[in-house]
Amino acid sequence: MTSEETNDSAPALTLDGTIWAEVDRALSGITATAERGVLDVIVHVPPAEIVRALKALKTDATLNFDYLRSLTAVDNEDDGIDVVYHLYSTTAKHNLTVKATLANDNLFIDTATTVWRAANWLERETAEMFGVRFNGHPDPRTLLMPEDMDDTFPLRKDHPLAEIEVLQGEGMGYSEEGQ
Amino acid sequence: MVTESASEFETQDLLLNVGPQHPSTHGVFRMVMQVDGEVVRDIIPYIGYLHRGAEKLCETMDYRQGIGFMDRTEYLAAMNAELSYVMAVETLAELEVPERAQWIRMILVELNRLASHLMFMGAFGIDVGVFGTPFIYAWREREAIIDLFEEISGDRMMYAYLRPGGLAWDVPTNFVSRVREVLTAVRQGIADFDGLLTKNEIFIARTKGIGVISAADAIDFGMSGPSIRASGVPLDVRREEPYLKYNDINWNVITRTEGDVYARYLCRLDEMHESVKIVEQCLERLQPGAIMPEKMPRMLRTPPGEIYVRTEAPRGEFGVYLVSKGGNRPHRLKVRSACLSNLQALKHMSVGSYVADAIIVLGSIDIVLSEVDR
């Protein structure tokens with residue numbers, strides 16, 4: 001990746017020349033903030049408005065974010081869990097990263113499966129790995145993990161990276177001595 | 001085993017378990033099919049048998065150690081998987097990749113695409129029911145490519161050859177002539193497949209009009225690679241967001257409009273011609289030079305930040321989402337699997353078709369379960 005914006009290492013990056021102006025217009029009525037990422041613009045949206053925001057981004061005629069590249073979460077420990085959506089437009093050919101930060105005591109967010117069917121399995125994986133609950137998900141089973149593993153969230157930072165025997169010895173729960 | 005009655009004639013749908021260890025499932029994939037006679041009414045896929053927690057493991061290891069996990073994630077196109085990963089790290093760490101390294105990388109990922117598509121041709125032949133001939137033919141040419149990779153990296157599958165910033169070491173001195181040899185063999189191989197399958201009446205009867213998915217549905221399911229291009233969507237990261245040197249050479253994005261299994265096969269076949277073309281042009285442009293940046297830090301650290309790097313792997317978009325909080329290891333590393341998204345559309349593509357056709361539809365996605373489960 002050798003495009004010009006990646007070499008821009010000034011501390012305060014402006015959003016001029018990015019699609020933020022368009023995004024801001026499409027998200028009217030939603031308190032969204034933006035920052036410039038290395039490749040794509042990152043938009044922060046309140047979790048309560050996420051589906052409204054995603055739908056607006058998808059249906060907007062100029063933005064037309066019809067393709068969900070990826071959906072995942074990042075555990076920031078005390079700062080809560082970020083749910084991250086990577087969007088793409090197959091017609092306008094631009095990218096956008098959307099983030100919603102969930103507080104640790106309220107890990108609920110509405111499902112994006114009503115916006116893209118692609119979100120289905122990605123949300124199932126995010127749910128079992130981080131303990132994020134997607135309200136209204138049509139198929140809230142585990143995806144990669146065993147069905148009975150419902151209180152253990154492997155990709156959380158507080159989950160130890162332990163020997164398999166330690167994990168299984170405690171009946172799929174994890175022991176404190178792990179790690 | 002037997003569930004609800006489906007119609008006024010009191011036929012009963014049957015739940016049929018396929019896999020997890022069955023030759024038709026290309027690894028450990030299990031699906032429960034609800035069948036009414038020979039017709040598939042519903043499919044419930046079960047994945048996760050190969051989940052090894054590569055993402056979690058990468059978070060505990062140095063950036064250079066993570067390369068090995070990428071190989072093991074997408075083992076049929078390990079070079080392509082490594083590429084996304086090292087590009088994510090080096091872009092975040094602001095390393096400038098030397099020209100020569102970029103051309104060599106491009107040759108390697110395209111050769112790996114050829115090897116992967118050859119693998120598809122062979123395995124798909126088996127799904128369709130022509131066991132033997134295509135599979136062995138595919139193995140012959142794939143072996144030539146794997147041999148070359150072994151000469152370069154020392155390993156047949158888990159190369160760990162790309163590094164953030166460049167390559168682990170330079171290629172052998174006879175690299176160019178060896179690649180030309182391999183290309184000659186591969187070109188012959190592609191012609192063989194063309195002759196064996198493309199106009200084969202039985203092959204066409206088994207694949208044409210099967211597992212159709214429209215462009216709009218394919219986009220909505222987040223499909224990528226030949227699976228979406230066969231539905232008429234010219235989605236190819238190499239063209240839309242060019243990386244390496246894809247902008248400097250001539251090549252075409254292959255699309256078909258039919259969206260069926262046969263179109264997905266033809267897409268891959270034509271893509272192999274394009275890959276050969278790309279590698280030939282790269283060989284002409286390859287110049288001696290450095291393969292790593294001059295100033296490489298002893299310990300590779302990235303500034304805080306995040307990046308989502310995507311490249312076009314043989315099966316579609318292989319994305320690496322890297323979140324750094326500074327230091328020498330990722331805070332979070334997510335692998336966007338092309339197969340996972342493609343596999344989601346399996347139910348949509350196979351419901352209403354015959355059981356035997358559902359197997360072909362699964363084969364036409366060209367899944368690597370290791371990449372799906374990570």
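Everything quoted here is computed from the prediction, not taken from an experiment.
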Portion of B:Y49 that has a non-hydrogen atom of chain A nearer than 4.5 angstrom: neither

Under 4.5 Å from any heavy atom of chain A, what part of B:S224 do you find: side chain, backbone, both or neither? both

Select one option (side chain, backbone, both, neither) describing which atoms of A:D139 are under 4.5 Å from chain B's heavy atoms. neither

Assess the residue pair A:E125 and B:R374 against the criterion (salt bridge (charged side-chain N to carboxylate O under 4.0 Å, His left out)); give the C-alpha distance rounded to whole Å, side-chain angles, the decisive distance to 0.1 Å, and a yes or no. CA-CA 11 Å; A:E125 188 190 343; B:R374 285 153 287 144; 3.0 Å; yes

Give a yes or no answer on whether the side chain of B:R332 reaches the backbone of A:A73 with a donor-acceptor pair at less than 3.5 Å. yes

Can you measure from CH2 (A:W121) to CD1 (B:I47) and round to the nearest 0.5 angstrom? 4.5 Å

Under 4.5 Å, counting heavy-atom pairs only, tell me which of B:Q344, B:K56, B:H51, B:R336 racks up the most with chain A. B:Q344

Angle class for the B:Y321/A:H86 ring planes (parallel below 30°, perpendicular above 60°, tilted otherwise)? perpendicular

Do any of residues 212-220 of chain B come closer than 4.5 Å to chain A, heavy atom to heavy atom, and if so which ones, in number order? B:D217, B:I219, B:D220

Between A:L71 and chain B, which part of the residue has a heavy atom less than 4.5 Å away: side chain, backbone, both or neither? backbone

State which residues pass ring-ring contact (aromatic ring centres under 6.0 Å, His included) with A:H94; sequence neighbours excluded, sorted by chain then number. A:F65

Residues B:E240, A:R69; criterion salt bridge (charged side-chain N to carboxylate O under 4.0 Å, His left out); working and verdict: CA-CA 14 Å; B:E240 310 213 329; A:R69 290 201 126 123; 5.9 Å; no

For the residue pair B:R310 / A:S70, report whether a side-chain donor-acceptor contact shorter than 3.5 Å exists. no

Among the listed options B:M223, B:E55, B:H331, B:K325, the residue most often paired with chain A at heavy-atom distances under 4.5 Å: B:H331

